[in-house]
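Here the structure is laid out as structure tokens; the discussion comes afterwards.
Starting from 1, each residue takes its place in the sequence as its number. We use all heavy atoms of the structure for the numbers below, so side chains are in, but hydrogens, waters and symmetry mates are not.
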Amino acid sequence: MNLIANASDALSKSETDQPKVTIKIIETDDKAIISLQDNGPGIKSEVLALIRKGIKISTKGKGRKGSGVSAATKSVNQYKGTISIESEIGAGATFT
């Protein structure tokens with residue numbers, strides 16, 4: 001839910017005419033791969049580097065505490081999973 005909320009926030013800042021979040025789930029014998037992709041503005045490389053280091057990103061003034069990715073990572077780590085992030089400015093972001 002935290003990643004969906006982050007995508008929603010990103011799309012609210014986007015200039016795309018057709019905002020979209022796509023969720024894909026692939027099941028294998030021993031794991032599930034869940035991918036959440038949006039077509040928002042993307043994440044700047046310097047911000048992406050901080051997120052990958054586990055540093056919370058502030059979203060002051062937006063009614064959120066900037067802990068969406070951090071909380072999602074903690075939840076996934078409890079089940080021995082990982083989160084990877086791919087993003088391109090102007091082309092959205094994908095969390096897997």
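Taken to the nearest 0.5 Å, the CG atom of Asn6 stands 6.0 Å off from the CZ atom of Phe95. Taking OG of Ser45 as the start and CZ of Arg52 as the end, the distance is 9.5 Å to the nearest 0.5 Å. For the atom pair CD1 (Ile83) and CG (Leu3), the distance works out to 5.5 Å, reported to the nearest 0.5 Å. Atom CD1 in Ile85 sits 9.5 Å away from atom OG1 in Thr96 (nearest 0.5 Å). The distance from atom CG of Leu48 to atom CD of Glu86, rounded to the nearest 0.5 Å, is 8.0 Å. The structure places CD1 of Ile51 at 12.0 Å from NZ of Lys44, a figure rounded to the nearest 0.5 Å.
Although no hydrogens or angles enter the test, the distance criterion places a donor-acceptor pair under 3.5 Å between the side chain of Ser75 and the main chain of Ala71. With hydrogens and angles disregarded, a donor-acceptor distance shorter than 3.5 Å links the side chain of Ser87 to the backbone of Gly92. Side-chain N or O atoms of Asp38 include none that pairs as donor or acceptor with a backbone N or O of Val21 at under 3.5 Å. Side-chain N or O atoms of Ser14 include none that pairs as donor or acceptor with a backbone N or O of Ala10 at under 3.5 Å.
The 12-atom threshold is exceeded at CG of Asp30, counting heavy atoms of other residues, nucleotides or ligands nearer than 6.0 Å. No more than 12 heavy atoms of other residues, nucleotides or ligands lie within 6.0 Å of CD in Glu27, so this atom counts as exposed by the packing criterion.
Across every non-hydrogen atom of Gln37 and Thr94, the tightest pair is CG-OG1, 3.3 Å. Nearest heavy-atom pair, Asn2 versus Gly68, reported as atom, atom and distance to 0.1 Å: CB-O, 3.2 Å.
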Original post:
Going through the distances and angles, do Ile33 and Ile25 end up as a side chain to side chain contact (heavy atoms under 4.5 Å, CB included)?
Top reply: CA-CA 6 Å; Ile33 301 169; Ile25 302 172; over 6 Å; no
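Under a hydrophobic-cluster definition in which Ile, Leu, Val, Met, Phe, Trp and Tyr are linked whenever side-chain heavy atoms come within less than 4.5 Å, directly or via other members, Leu11 and Met1 are assigned to the same cluster. Linking ILVMFWY residues whenever their side-chain heavy atoms come closer than 4.5 Å, directly or via other members, places Ile23 and Val69 in the same cluster.
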